[in-house]
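What you are looking at is a predicted structure, and each value in this text was computed from that prediction instead of being measured. Quick note: residue numbers are just sequence positions, from 1. Both counts, for ligands and for their atoms, begin at 1 and track the order of listing.
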Amino acid sequence: MSPNANARASAKGTVLEVKKLVKEFGGVRAVNGVSFTIQKNELVGLIGPNGSGKTTTINMISGVLKPTSGEIWLRGERIDGLPPYAIAQRRLGRTFQVTQVFRRMTVLENLLVPAFARAGAGAGASVSAQRDGDPRPRALEILRLLRLDHLKNEYAGNLSGGQQKLLELGRVLMLDPEIILLDEPFAGVHPKLKVQLHEVIRAMHQEGRTFLIVSHDLQTVFHLCRRLIVLAEGTKLCEGLPHEIRDDERVAEVYLGR
Ligand SMILES: Nc1ncnc2c1ncn2[C@@H]1O[C@H](COP(=O)(O)OP(=O)(O)O)[C@@H](O)[C@H]1O
Ligand SMILES: [Mg+2]
């Protein structure tokens, strides 16, 4: 990262820090000592060829996988080893590479599920104005933002792949996350919906939310993200501004080398 970008970011405070993260699957190191820091309101891309450890990394951060070793800090609190719901309560949201919507529920019902789940989780979570009371107005507002409001009574299973990705993002937004991890949000999405997805991410970013976007779609992340972290074979190859990464020979090598 350039000194300028560094100074700009550190003025805002660290949201997420991972230190020497390792994940082994049966003796194979899928992630091998990855460290990085994300500052508040950054829009960071996590890129790298297939199999480089991107999904495994965000699975560890979101609590889906327990790291073999290493540390994960969210706003100064160590969270590695916590279950996914506890991390979601700490306002870290994520979407999945393979979209997970409730196909036999309507679009609106899909958004209401996390709100009811949270209500059921008790008073442990921090309280914001919209956390209590009827979640419907917030759900409808999010559907309008995602331009899915005309589909609110449609079964989620009838939506296109791209619309399901938007819906999954909407479900994450219901939990009012401060930091959002997206795993391959653009894969298989129709170009028109891709533009729409960009707009939503930009709007959410302008609201002050922080993004870590996993993608192997280089053009898209170069365009959208302000800073990039590159993984290769489970280790961090480099990080920097998009133009620095674009001109980095090592990055070209790991992408073309496959
Ligand atoms: N549950 C698992 N069991 C065994 N190996 C896995 C598992 N998940 C991922 N891997 C392996 O870990 C490596 C990194 O995978 P992944 O994090 O999915 O990469 P990426 O998201 O960058 O494509 C790959 O070699 C993959 O085969
Ligand atoms: Mg992946």
What residue and heavy atom of the protein are closest to [atom], and at what distance?
{"atom": "atom 15 (O) of ligand 1", "answer": "Thr56 OG1, 3.8 Å"}
{"atom": "atom 18 (O) of ligand 1", "answer": "Thr55 CB, 3.7 Å"}
{"atom": "atom 6 (C) of ligand 1", "answer": "Phe25 CD1, 3.3 Å"}
{"atom": "atom 23 (O) of ligand 1", "answer": "Gly51 N, 2.8 Å"}
{"atom": "atom 12 (O) of ligand 1", "answer": "Ala30 CB, 3.1 Å"}

CA sep, side-chain torsions, deciding dist, call: Glu184, Thr95, side chain to side chain contact (heavy atoms under 4.5 Å, CB included): CA-CA 9 Å; Glu184 302 286 358; Thr95 62; over 6 Å; no

Beyond-backbone contact of [X] with [Y], side-chain heavy atoms, under 4.5 angstrom:
{"X": "Gln164", "Y": "Gln100", "result": "no"}
{"X": "Ser160", "Y": "Leu193", "result": "yes"}
{"X": "Glu17", "Y": "Gln39", "result": "no"}

Centroid-centroid distance, Tyr255 to His216, less than 6.0 Å: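 Between His216 and Tyr255, which both carry aromatic rings, the centre distance is not below 6.0 Å.
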
Test: Arg246 cationic atom under 6.0 Å from Phe222 six-membered ring centre, within 45° of axis: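 Yes; both conditions hold, so Arg246 lies above the ring face of Phe222.
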
Thr56 near the Mg ion (ligand 2): N/O/S under 2.8 Å: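 Checking the Mg ion (ligand 2) against Thr56, no N, O or S atom falls under 2.8 Å.
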
N, O or S atom of Asn50 closer to the Mg ion (ligand 2) than 2.8 Å: no

Pair Arg209 + Glu178: basic N to acidic O under 4.0 Å: no

Asp176/Arg91 ion pair, N-O < 4.0 Å: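 Judged by the 4.0 Å cut-off on N to carboxylate O distance, Asp176 and Arg91 do form a salt bridge.
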
Atoms in ligand 1 flagged as close to Asn50, the criterion being non-hydrogen separation under 4.0 Å: 23 (O)

Polar contact flag for Gln97 and ligand 1 (N/O pairs, less than 3.5 Å):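 It does not: no N or O of Gln97 is found under 3.5 Å from an N or O of ligand 1.
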
N or O pair under 3.5 Å between Ser52 and ligand 1: yes

Test item, Gly48 contacting ligand 1 (heavy atom, 4.0 angstrom):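 Not so, Gly48 does not reach ligand 1.
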
Enclosure of Lys152 NZ (heavy-atom neighbours >12, cutoff 6.0 Å): no

Heavy-atom protein neighbour under 4.0 angstrom from atom 27 (O) of ligand 1: no

Apex the Mg ion (ligand 2) - arms OG1 from Thr55 and OE1 from Gln97 - angle rounded to 10°: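 Between OG1 of Thr55 and OE1 of Gln97, the angle at the Mg ion (ligand 2) is about 80°.
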
